Q: 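Encoded as structure tokens, here's the structure I'll be asking about.
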Number of protein chains: 2
Amino acid sequence: MPTSQQVILSRRPQGRLDASMLDIEKVTIDEPAENEVLVRNIVFSLDPYMRPRMDDERSYIEPFAVGAPLQAGAVGEVVASRAADIPVGAHVLHMDGWREYALLPRGAVRLLKPSDHPLSYQLGVLGMPGLTAYAGLTAVAELVPEESIYISSAAGTVGAMAGQMAKLMGASQVIGSTSSGKTEYVRDELGFDEVFDYGSAPISDSLGHAANGGIDVYFDNVGGDHFAAALAHLNDFGRVVMCGTISSYDDPDAKTVPGNLFNIVRKRLRVSGMYVNDHVGMAKQFSNDVGRWLSEGRLSVRENKFHGIESAPEAFFGLLKGDYVGKVLVEL
Amino acid sequence: MPTSQQVILSRRPQGRLDASMLDIEKVTIDEPAENEVLVRNIVFSLDPYMRPRMDDERSYIEPFAVGAPLQAGAVGEVVASRAADIPVGAHVLHMDGWREYALLPRGAVRLLKPSDHPLSYQLGVLGMPGLTAYAGLTAVAELVPEESIYISSAAGTVGAMAGQMAKLMGASQVIGSTSSGKTEYVRDELGFDEVFDYGSAPISDSLGHAANGGIDVYFDNVGGDHFAAALAHLNDFGRVVMCGTISSYDDPDAKTVPGNLFNIVRKRLRVSGMYVNDHVGMAKQFSNDVGRWLSEGRLSVRENKFHGIESAPEAFFGLLKGDYVGKVLVEL
């Protein structure tokens with residue numbers, strides 16, 4: 001039976017997360033029981049949505065439990081199996097990251113087919129973040145060629161892919177916003193047509209300047225002022241994909257209502273909330289398209305890889321501070 | 001050439017409308033030129049949306065011009081015609097109400113077929129307000145049987161019809177809100193399952209109490225606190241038809257953003273703005289269904305009729321104060 005190191009939430013943050021709230025502990029892992037598999041993790045994902053899960057019960061997924069290991073999308077190699085269709089040596093995708101070994105029921109792992117792409121891509125461009133961008137643009141926004149789109153948090157994992165995919169789908173103009181240190185990455189490496197630093201001027205002014213003809217779609221990863229600015233600059237019959245409203249995570253029950261919601265009526269907008277799990281039916285079409293784009297070198301993927309379970313807490317603090325550009329991963 | 005009395009906007013209100021801003025003047029009407037018709041108005045409609053049109057340029061239709069007669073949906077009889085397909089004696093629908101006679105280009109009138117229903121119904125249940133309710137429920141909300149719906153401004157022309165139609169379409173529960181004097185009308189005459197007085201308690205509390213299983217559709221005629229309350233009580237995959245946001249007409253450019261918009265993401269809601277003119281393609285299906293419901297006595301229609309052009313300003317002030325229950329009309 002292997003021993004495994006894992007990161008646990010030692011106590012719930014009241015306000016800002018600090019290093020005292022994440023502990024690394026060593027545990028012994030049991031052998032798999034009937035219909036279970038034992039997985040040695042190879043790489044796992046760090047994502048901003050994990051932060052509100054440490055807080056309380058108000059998000060759309062269960063909060064992390066105090067004293068238990070954290071969770072994250074992970075890819076690993078099966079080292080012991082009592083599930084008939086999962087051979088030892090297979091690569092599987094699952095949600096028990098933040099640990100070296102994971103003991104999982106068969107239903108909690110997805111067998112990965114051999115692929116030419118790096119395993120870590122299953123946690124980003126070929127995984128849930130990629131599908132979020134893809135389904136948001138197609139099934140939710142129904143983006144058509146020659147339309148223009150604005151994407152907030154354009155340097156984030158979902159935003160970076162949504163912008164590149166929108167361009168590949170024929171968008172006439174792709175506009176992004178990000179923090180000050182990341183505008184060059186968004187413009188030069190991701191190929192957005194326009195990008196602005198959301199902190200340098202009122203967002204509505206910057207967006208209006210970038211989108212002199214108005215926008216047809218807003219891919220919303222942020223909410224708040226970005227949402228209000230988009231309402232002001234959307235064209236008639238425009239669509240909003242609400243994928244996250246980071247700016248209101250701290251107070252989801254606030255009752256304030258925006259005056260400029262009248263724009264939804266005046267312009268006949270459609271605002272749709274999305275959650276990627278509703279769109280897994282598109283997974284095949286998604287992986288065909290994105291796999292092809294990757295093979296053709298038409299998608300830029302930047303990864304920040306940290307090494308060893310010990311690196312995970314500091315890597316996560318850096319992520320929350322916005323220190324990195326591109327997907328954040330921990331390799332074991 | 002007849003003389004005609006008409007109501008003009010003598011000056012733009014700064015704040016509250018008062019009697020000094022609406023004047024009645026007498027004018028001489030020209031004979032119709034080529035492709036014009038002269039119409040003697042029989043009845044015209046008074047509606048709340050006319051008030052913001054007196055203000056400024058911020059609504060989704062052009063503001064009324066100072067010194068010019070006001071406009072309103074109207075039905076009249078053609079008394080002189082130089083349009084080949086419009087005979088003298090025909091009844092036509094047009095937008096030049098608030099006056100006794102209207103001289104109109106052919107393209108601005110719609111010829112009405114003979115009907116068993118009162119002419120005034122063309123301005124309400126069989127007209128644009130009826131189509132707004134019908135298209136909002138079907139094309140926009142995609143209401144299906146056994147779903148529950150909440151309708152704000154339930155005693156208003158659109159709300160009253162939306163509630164009755166939703167019931168006829170098989171809604172499991174129809175909830176309305178209105179001001180204190182109109183709850184009995186909404187419950188007893190319109191047949192809503194639940195109704196509450198929006199002024200008697202916080203709207204979200206009243207809605208939560210009425211809709212103990214949550215709501216699937218919100219038909220929004222008001223915006224503001226009603227919208228926020230609906231977001232709190234909508235079920236997953238719920239839909240909002242935004243038909244008007246009266247509560248923000250005074251400040252459509254306000255930048256405040258509601259904290260609880262995160263509910264749109266969490267519950268995967270779809271919020272759609274609607275404008276009835278986008279749905280005229282449904283007019284035939286609409287008039288078939290609504291004509292049948294009327295003939296079968298399954299829709300309650302209450303009208304408040306005022307008589308003579310002189311009655312129009314006072315009738316409109318009463319409408320703005322919420323004095324009436326049912327459709328408000330001026331007969332000439």
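For the numbers below, each heavy atom of this structure counts, side chains included, while hydrogens, waters and symmetry mates do not. Small disclaimer: the values here were computed from a predicted structure and weren't measured.
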Q: Quick one: pull up CE in B:Met242 and CG in A:Leu261 and give me the separation to the nearest 0.5 Å.
A: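 Between atom CE of B:Met242 and atom CG of A:Leu261 there are 5.0 Å.
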
Q: Rounded to the nearest 0.5 Å, how far does CZ of A:Phe227 lie from CD1 of B:Ile264?
A: 5.5 Å

Q: Would you find more than 12 non-hydrogen atoms of other residues, nucleotides or ligands less than 6.0 Å from B:Arg110 atom CZ?
A: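 No, the 6.0 Å shell around CZ holds no more than 12 heavy atoms from other groups.
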
Q: Tell me whether the count of non-hydrogen atoms from other residues, nucleotides or ligands lying under 6.0 Å of OH in B:Tyr198 goes above 12.
A: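 12 or below, so no.
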
Q: Looking at every non-hydrogen atom in both residues, tell me the closest pair between A:Arg268 and B:Asp278 and how far apart they are.
A: NE-OD2, 2.7 Å

